[in-house]
Amino acid sequence: MIGNVSRLHTINRSSVVCSLKFKSSFHNLTTTTPPSPPPLEEDDAAGLCNLILKLDLQTLSENLETNSVCWTPDLVNKILKRLWNHGPKALEFFRLLERHPIYTHSTTSFDHAIDIAARLRDYKTVWTLVARMRKRRLGPNPKTFAIITERFVSAGKPDKAVRVFLSMHEHGCQQDLNSFNTFLDVLCKSKRAEMAYNLFKVLKRRFKADTISYNIIANGFCLIKRTPRALEVLREMVESGLEPTLKTYNIILNGYFKAGQIKEAWQFFLEMKRRKCVMDVVTYTTMVHGFGVSGEIQKARQVFDEMLETGILPSVATYTAFIQVLCKKDTVENAIVVFEEMLKKGYTPNSTTYSVLIRGLCHVGKMDNAMEYLDRMKQDECEPNVQIFNVIIRYYCDEGEIEKSLEVFERMGSGECLPNLDTYNILISAMFVRKRSDDLMVAGKLLIEMVDRGFVPRKFTFNRILNGLLLTGNQDFAQEILRAQSKCGRLPRHFRL
DNA sequence: TTAGGGTTAG
C-alpha cells in the first residue's frame with residue numbers, strides 16, 4: 001500500500017512518462033538564442049502543460065519569458081483548456097505570460113482566464129481581468145459577460161448575475177437582444193425558468209424580444225417538466241405576432257418526453273406530420289431518444305427506420321441517442337451492433353458516443369471491454385474526456401477494484417486529461433470502503449492535491465479524513481490536512497492578479 | 001456563446 005502512496009506522490013510530478021514528454025519542451029524553453037523558433041506541433045500544448053504543472057513559480061517565470069517558444073493565442077488557449085482542472089496553475093501561467101516582452105494575450109485567452117477565475121470563485125481576479133481587457137481595448141465582449149453571469153448562476157448567485165447583466169454597459173459592453181437572450185438562456189439552463197420569465201416580462205419591450213427569446217423561455221419550462229407553462233409562453237408569443245418555428249416544435253416535443261408525457265409526445269409528432277410540418281434530424285433524434293428512455297425500444301427503432309426511409313440522414317447525435325437507449329433499456333450487444341453499423345456507414349463517433357457505450361459496458365461489468373473502447377478512441381483521434389475516465393474509475397471502485405481505479409487515475413495524471421472535482425470525490429469515497437489505514441493515507445494525499453488544484457472539498461470530506469487520521473494516531477498528517485483546509489477558498493497571494 | 005436532439009448516478 002505504501003507503494004500506492006508513493007505512486008500518488010509522483011503523479012504529475014516526476015513520472016517517467018511525464019519526464020520524457022517534458023524533455024523536448026523544456027529544451028525549447030531554456031535555449032536562450034535559438035536560430036528560429038521551432039514550429040509548434042499539436043503535442044506542444046500537452047508538453048508545455050506538463051512543464052507548467054511541474055515547475056515552481058520562479059522557474060516557470062524565467063522560462064516563460066525567454067523567446068524560444070513561439071506563443072500564439074491558439075497555443076495559449078489550448079494550454080488554458082488543458083489546465084481547466086488546475087485553475088490556480090492556469091491563472092499563474094496566464095499572469096506570467098502577461099509580462100512577456102513580445103507576446104500579448106488575445107480576447108479569447110482573457111475570456112478563458114476569466115472563466116477559470118470565476119469557476120474558482122475568485123471574483124476579484126475576474127474583475128481585475130475585465131478591467132485589464134478594457135484597458136487594452138480587447139473587450140469585455142458579450143461572450144465575457146455570458147461567461148461571468150453563467151458562473152454566478154451556477155455558484156448559486158442568480159441575483160448577482162442579474163445585476164452583472166444589467167451593468168454590462170458600465171464595463172463598456174453594449175447590451176442588445178443577443179446578450180439578453182443569452183442571459184435568459186443561462187437562467188433557464190440552470191432551471192430558473194420562472195426567474196427568467198419575470199426578467200423577460202420586464203425587459204421584453206426594451207430589447208424587442210423575438211422568437212428566440214420565447215423559445216428559450218419555453219425550453220426553460222420544459223427543462224423543469226412544466227410543459228403547460230411552456231405552451232402558455234408560446235401562446236403569448238403567437239398573440240404578440242410571432243410565428244413558431246421548427247425549433248419551437250422540437251422544444252415542445254422534447255418537453256413532453258422530459259415530463260414523461262409519452263402519449264402527448266406521440267400525438268404531437270403525429271400532429272406535426274398531419275400539418276405537413278417539415279421535420280428534421282433533431283425531431284427524429286428527440287423521438288428515438290424519448291421513446292428509448294421510456295423503455296419503448298421497438299418504437300424507437302421504428303422511428304429510426306422511418307427516418308432513414310424519409311431520407312433524413314441521422315447525425316452522430318442520433319446514433320449516440322440510439323446507442324445510449326439500447327445500452328440502458330435493451331442490451332449492450334445490440335448497442336454494439338448499431339455502433340459498428342454507424343462505423344460502416346462512414347460516421348466517426350465522438351466522445352459522447354464512446355461515453356455512452358463505455359458506460360453501458362461498465363454497467364454490465366464488462367470492464368475489460370470498456371477499456372478496449374477507451375483505447376479505440378485514440379485510434380479515432382478522439383480524446384477521452386474527464387467524464388469517461390470518471391465512469392471507468394467509478395465502476396472499478398464499485399467493483400472493489402481500487403488498484404485498477406488508481407491505475408486509471410494515474411493515466412489521467414500523466415497528461416491525458418486532468419481529473420476534476422468528481423474524480424477526486426469518487427476516489428476519496430472509495431478509499432473508505434476497505435477500511436485500511438493505507439487507503440486513508442491515499443485519501444489524504446488526494447485531498448491535498450485537489451485543494452492545490454483549486455477545488456473545494458466538502459466539509460464532510462475533510463472531517464472524514466481527519467477523524468480517520470486521528471483515530472489511527474497520525475497527527476502529523478492530520479495537521480497537513482488542516483493546513484489544506486485553511487487554505488481552501490482563498491488563493492495564495494501570488495495567484496492574485 | 002442568440003434558441004432545439006445525444007453523456008450523468010441518486
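Everything quoted here is computed from the prediction, not taken from an experiment. Every heavy atom of this structure was used, including side-chain atoms; hydrogens, water molecules and symmetry mates were not. Chain naming here is simple, since letters A, B, ... match the order of the sequence lines and numbering starts at 1 in each.
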Atom [atom1] of [X] to atom [atom2] of [N]: distance rounded to whole Å?
| X | N | atom1 | atom2 | value |
| --- | --- | --- | --- | --- |
| A:L184 | B:dA3 | CG | C1' | 11 Å |
| A:L326 | B:dG6 | CG | P | 16 Å |
| A:D398 | B:dT8 | CG | P | 15 Å |
| A:L223 | B:dT8 | CG | P | 17 Å |
| A:K208 | B:dA3 | NZ | C1' | 20 Å |
| A:L177 | B:dA3 | CG | P | 12 Å |
| A:N390 | B:dG10 | CG | C1' | 16 Å |
| A:Y354 | B:dT8 | OH | P | 17 Å |

At less than 4.0 Å, is any side-chain N or O atom of [X] found next to OP1 or OP2 of [N]? Yes or no.
| X | N | value |
| --- | --- | --- |
| A:Q324 | B:dT7 | yes |
| A:H289 | B:dT7 | yes |
| A:N254 | B:dG5 | yes |
| A:R359 | B:dT8 | yes |
| A:K328 | B:dG6 | no |

What's the closest nucleotide to the side chain of [X] if the choices are [options]?
| X | options | answer |
| --- | --- | --- |
| A:V282 | B:dG5, B:dG6, B:dT7 | B:dG5 |
| A:I212 | B:dT7, B:dT1, B:dT2 | B:dT2 |
| A:K189 | B:dG6, B:dT1, B:dA3 | B:dA3 |
| A:Q387 | B:dG5, B:dT1, B:dT7 | B:dT7 |
| A:D185 | B:dA3, B:dT1, B:dT7 | B:dA3 |
| A:N215 | B:dT1, B:dG6, B:dA3 | B:dA3 |

Which part of the nucleic acid, if any, lies within contact of [X], taking any heavy atom under 4.0 Å across all strands shown: a base, the sugar-phosphate backbone alone, or nothing?
| X | result |
| --- | --- |
| A:T248 | nothing |
| A:V316 | base |
| A:V281 | base |
| A:N350 | base |
| A:S315 | base |
| A:N385 | nothing |
| A:L246 | base |
| A:T286 | sugar-phosphate |

Could you tell me whether [X] and [Y] have a side-chain N and a carboxylate O separated by less than 4.0 Å?
| X | Y | value |
| --- | --- | --- |
| A:R275 | A:E271 | yes |
| A:D375 | A:R411 | yes |
| A:E399 | A:K404 | no |

(request) Spell out yes or no: do the side chain of A:T285 and the base of B:dG6 have one donor N/O and one acceptor N/O closer than 3.5 Å? (result) no
(message) Below 30° counts as parallel, above 60° as perpendicular, anything between as tilted: where do the rings of A:F152 and A:Y123 land?
(response) parallel
(request) Examine the side chains of A:D111 and A:T108 and answer whether a donor and an acceptor come within less than 3.5 Å of each other. (result) no
(request) Would you please say whether a donor-acceptor pair under 3.5 Å links the side chains of A:N334 and A:D330? (result) yes
(message) Other residues, nucleotides and ligands only: do more than 12 of their heavy atoms fall within 6.0 Å of CD on A:E381?
(response) no
